Each structure stands twice: as structure tokens, then as C-alpha cells.
Peer 1: 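The structure's right below; bear with me while I get my questions together.
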Amino acid sequence: LPDMGLGLVQATPDVMIRPPHNRHQGIFSNEVLLDMLFYGLWMSALCLASFVLVMYGWGSGDLGVGCNNDYNSSCETVFRARATTFTCLTWFALFLAWEMIDLRRSLFRMKPGSTKYLTQWMHDLWDNRFLFWSVMAGFVTIFPILYVPTLSDTVFDHVGITWEWGIVFVEALLFFLGVELWKWGKRVYIRHHFKDDYAHNPEADLEAGAFSRYTTMVMDTLEEKKAASNKDN
């Protein structure tokens, strides 16, 4: 559902004056491939860290006996570690859907011209209600999976967590920090790589700045047509 919600994201205002996509490049551009690699590695590292912390940091490190078949008293620690990792992975996937609304702009500053400095991101998330409620549904479904007996320990081979929620919240913050830093790095690279087109207008859309020579040509053409229309009238 979050993937479908991303398909309903509103187009950027300048979408009609951008240069056409290179048909030889395909859907997966170099930027998208690098995004997939970074986000995948970052999520994997955080999930592995959550398991290790519960299992070996605060746990006994005992993996139990027969814990892949059914639950017994020796599986308590490993089942809680699995639940923590599962929760982190689920939350990361949901948060990533929101972060992918824009591949480059910060989730918390997708509209630089807005005067709602602290709350604009809330309005941006609410604008796409299908995506918003899809993410909320993902949050809700995690609780029965964790805490309903039989469903948790028999079907998913984990048990409900308590203090481990602290790890989940900290890792959620680290996830946002990593993604936002990655996007910031991309913006810095684009500003440097296309400094002749972009540096003089840092609040402009990144892609529009990178391809300003093309958008300028289009805007000049539109102005000429408008002037000619006014002259005829």
C-alpha cells in the first residue's frame, strides 16, 4: 500500500518544463541505484545492530534449543531479539516510503519557500492521504503481530517486547539521520557539480537548477508566444 501511495504523490510545479527523461537510461538511473544500495545497507546495519544489542548486549547470548521449530523457555531472549529486529525493519520500510516522496529534498523541508518552518512537513505528509493511512495501517498491524498469542510465538517465532522499544525508537532516529544526511550529501554534490547553473539560486528546485539552461529556453518560448498572442488581440 505505501508503494501505491507513492504513485499518488503530486507532481512538482515545474514538471512540464523539465527536459525529457533519457530513454536509454531506463527506470533505474545511477542515482536510484545508489539510493537503493545505501538505504539497503543502512537498514541492514541498523537491523543487525538491534538484534545484536538485545541478544548479546543486554541478553545472555543463548540462542536456545529448537527455537526455529517452536517456543520454549530457552528461546525467550532470541525471540525478543527477533521481535525487535522485525519491528525496526517494519518501521524503516514505512518511514522510507515517506522519505521517497522526494529523492533529494529533506522530508522536513520539501517546500523551502514555506513559512511553516516547524509544521510544513506535517502538511506535506497529510496531502497524500492514501500514503498517510497506508503508513498508519503498517504501524497498527505491528502490535497484533507482536502481542497476540499463537500469532506471535507460533507463526512469526517471536514474542512481545517491553524495554526493547527503547532500541526501536533510537534506531528510528538513527534511520532518519542517515537518510537525511545522504540526501544532504546529494544536494551538496549537485550544487557543486552544476554550480554554474545552480549556485546563484540555492532555493530553486535542484533539478530545475541543474537544467536551468533548458528551462530558460522553454520559458523564453512561452513568453514569446504570450507576447504574440497579446499583439494579435
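From a predicted model like this one, the values you see are computed outputs, not experimental measurements.
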Peer 1: Report the residues that fulfil salt bridge (charged side-chain N to carboxylate O under 4.0 Å, His left out) with D157, sequence neighbours left out, ordered by chain and then residue number.
Peer 2: none
Peer 1: Between I101 and W98, is any pair of side-chain heavy atoms under 4.5 Å apart?
Peer 2: yes
Peer 1: Side chains of M55 and L63: closer than 4.5 Å at any heavy-atom pair?
Peer 2: yes
Peer 1: Is it true that K186 and D35 have a side-chain N and a carboxylate O under 4.0 angstrom from each other?
Peer 2: yes
Peer 1: How long is the gap from CG on L33 to CZ on F38, to the nearest 0.5 Å?
Peer 2: 15.5 Å
Peer 1: Whether the side chain of K183 engages the backbone of R104 through a donor-acceptor N/O pair (distance < 3.5 Å, no angle test) should be reported.
Peer 2: no
Peer 1: By the side chain to side chain donor-acceptor pair (under 3.5 Å) test, which pairs, at least two apart or in different chains, include something from residues 136-146?
Peer 2: none
Peer 1: Hydrophobic cluster membership, with links at side-chain heavy-atom distances under 4.5 Å among I/L/V/M/F/W/Y: are W58 and Y56 in one?
Peer 2: no
Peer 1: Which pairs pass disulfide (SG to SG under 2.5 Å) with one or both residues in residues 75-168, sequence neighbours excluded?
Peer 2: C67-C75
Peer 1: Under the salt bridge (charged side-chain N to carboxylate O under 4.0 Å, His left out) test, which residues partner E76, sequence neighbours left out?
Peer 2: R80
Peer 1: Using a distance-only test with no angle check, is there a side-chain donor-acceptor pair under 3.5 angstrom linking N72 and S74?
Peer 2: yes
Peer 1: Report yes or no: do F143 and F79 belong to one cluster of Ile/Leu/Val/Met/Phe/Trp/Tyr joined by side chain heavy-atom distances under 4.5 Å?
Peer 2: no
Peer 1: Identify every side-chain donor-acceptor pair in residues 168-181 under 3.5 Å, counting partners at least two apart or on other chains, and give the distances.
Peer 2:
residue : atom : partner : partner atom : Å
E171    : OE2  : S50     : N            : 3.3
E180    : OE1  : S106    : OG           : 2.7
E180    : OE2  : L107    : N            : 3.3

Peer 1: Is a side-chain N or O of E164 found less than 3.5 angstrom from the main chain of T162, in a donor-acceptor match?
Peer 2: yes
Peer 1: Please say yes or no: joined through hydrophobic side-chain contacts below 4.5 Å, possibly via intermediate residues, are L53 and L48 part of one cluster?
Peer 2: no
Peer 1: Indicate yes or no: at least one non-hydrogen side-chain atom of V78 is less than 4.5 angstrom from one of F51.
Peer 2: yes
Peer 1: Roughly how far apart are F86 CZ and T90 OG1, rounded to 0.5 Å?
Peer 2: 4.0 Å
Peer 1: If every non-hydrogen atom of I167 is compared with every non-hydrogen atom of W163, which pair is closest and at what distance?
Peer 2: CD1-CZ3, 3.8 Å
Peer 1: Please report, to 0.1 Å, the donor-acceptor pairs under 3.5 Å made by any side chain of residues 145-156, with sequence neighbours excluded.
Peer 2:
residue : atom : partner : partner atom : Å
Y147    : OH   : I161    : O            : 2.8
Y147    : OH   : W165    : NE1          : 2.8
S152    : OG   : V148    : O            : 3.2
D153    : OD1  : T150    : N            : 3.1

Peer 1: Indicate if L103 and F108 have the same hydrophobic cluster label, given that clusters are the connected sets of ILVMFWY residues with side-chain heavy-atom separations under 4.5 angstrom.
Peer 2: yes
Peer 1: For residues V54 and W91: do they belong to one hydrophobic cluster (side chain heavy atoms under 4.5 Å, members Ile, Leu, Val, Met, Phe, Trp, Tyr)?
Peer 2: no
Peer 1: Measure centre to centre between the rings of W182 and W42, then say whether the value is under 6.0 Å.
Peer 2: no
Peer 1: Which heavy-atom pair separates F139 from L94 by the least distance, and what is that distance?
Peer 2: N-CD1, 3.7 Å
